[in-house]
Amino acid sequence: MNFSNSEINEMYLDVLKELGNIGTGNAVSALAMMIGRKINMKVPVVKMVKLQEVPEILGGAEIPVVGILLNVEGDIEGFIMFVMSQASAHLLVNMLMGTALNGYSEFTDIEKSALMEIGNILAGAYLTALSSLTGFKMIQSVPQLAEDMAGAILSFPAIQFGETGDTALYIETEIFEESSRIVADFFLIPTIESYQKMLKALGVA
Amino acid sequence: MMEIIKVGMADLNVTSYPNALTTLGLGSCVGVCIYDTKTKIIGMIHIMLPYSWGVKNNTNPAKFADTGIPLLIEKMEQLGAAKKNMVAKLAGGAQMFEVTRSEFMNIGKRNVDAAKKVLQDFDISIVAEDTGGNYGRTIIFYSEDGRLEIKTIGKGTKTI
């Protein structure tokens with residue numbers, strides 16, 4: 001398929017927006033169930049960005065962020081990655097553990113496990129959405145967490161996208177709970193073969 | 001007045017004394033820094049992948065070690081640098097996540113190996129490096145003396 005064809009890109013984005021919507025919906029339901037409170041979400045933003053702009057997404061290449069990475073295997077192979085600002089990650093942990101915000105100190109081991117568990121739940125939610133849209137079976141691995149400069153963390157998905165093109169695609173998710181606003185960038189990074197397989201199944205290739 | 005010029009991801013730049021070059025948040029990518037000891041002309045490239053062959057979309061030579069480093073040397077020569085006076089320093093090539101899938105394994109190390117191979121082909125010696133690990137780096141390369149400053153989060157700053 002020709003990725004420079006704007007018509008296909010438009011369709012592709014529509015399908016991915018739908019995936020973003022369903023996935024985020026699933027994720028918010030799962031989180032709300034865990035904490036036993038109502039959570040609101042904003043319709044996710046799906047963007048195609050130039051690789052060079054990727055580190056700017058979170059406000060600059062040197063900004064400290066939290067990245068959660070999972071490996072996907074099965075009919076579709078690749079990676080899932082969530083990137084959050086430290087502030088959003090702390091809010092998410094506090095929401096989950098019912099603790100109050102005590103500054104942005106380093107995450108404890110328990111907080112790190114909580115974040116990885118959230119990564120598990122969110123990845124499951126997006127994969128369920130993708131699975132219901134395509135019929136593909138996918139298994140997610142144990143998540144891994146890294147805290148570092150945005151540029152360094154994002155170099156991982158950027159390099160994976162770098163093998164297919166100069167453009168990266170990501171879904172920005174915003175969720176609200178009372179006065180808390182959490183922004184998480186979600187990257188779905190299939191292998192080149194899985195990418196084509198996935199697009200075909202979604203009816204855009 | 002010294003100016004610090006930014007080099008983006010998959011980008012390169014050259015400058016001369018008294019300026020410096022910087023690239024922010026190197027993870028698995030590698031910053032290749034070349035210094036002409038006579039003219040104080042410096043060049044920096046932020047490479048993402050080792051080789052351009054086999055990659056469908058390879059229109060940006062600065063993205064790859066094999067196409068980017070020769071281009072960087074060429075740009076330095078255009079500015080008046082000579083290959084025989086060039087030395088190189090490397091930083092980056094970290095493994096940000098422990099990835100189990102073998103084909104994606106340690107792209108950081110592959111980038112470092114490719115950069116070394118290309119520099120060797122041009123007979124440019126590597127005088128210092130700070131590569132590997134599992135953390136990000138911001139680097140600043142000074143034309144004054146070819147020193148390379150490396151900043152990290154939580155692991156301090158050092159100069160090589």
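Letters go in sequence order (proteins before strands), and every chain restarts at 1.
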Check: Relative to each other, are the rings of A:Phe186 and A:Phe82 parallel, tilted or perpendicular (30° and 60° limits)?
Finding: tilted
Item checked: Interatomic spacing from OG1 in B:Thr22 to CZ in B:Phe141 - rounded to 0.5 Å -> 12.0 Å
Item checked: Residues forming a side chain to side chain donor-acceptor pair (under 3.5 Å) with B:Tyr135, sequence neighbours excluded -> B:Arg137
Item checked: A:Glu172: partners by salt bridge (charged side-chain N to carboxylate O under 4.0 Å, His left out), with sequence neighbours left out -> none
Check: Mind checking what makes salt bridge (charged side-chain N to carboxylate O under 4.0 Å, His left out) contact with A:Arg181, not counting sequence neighbours?
Finding: A:Glu174
Notebook entry, point to check: At a heavy-atom separation under 4.5 Å, does B:Ile153 approach chain A through its side chain, its backbone, both, or neither?
Noted result: both
Item checked: Part of residues 35-44 of chain B lying next to chain A, heavy-atom separation under 4.5 Å -> none
Check: Is B:Glu129 salt-bridged to B:Lys116, going by a charged N under 4.0 Å from an acidic O?
Finding: yes
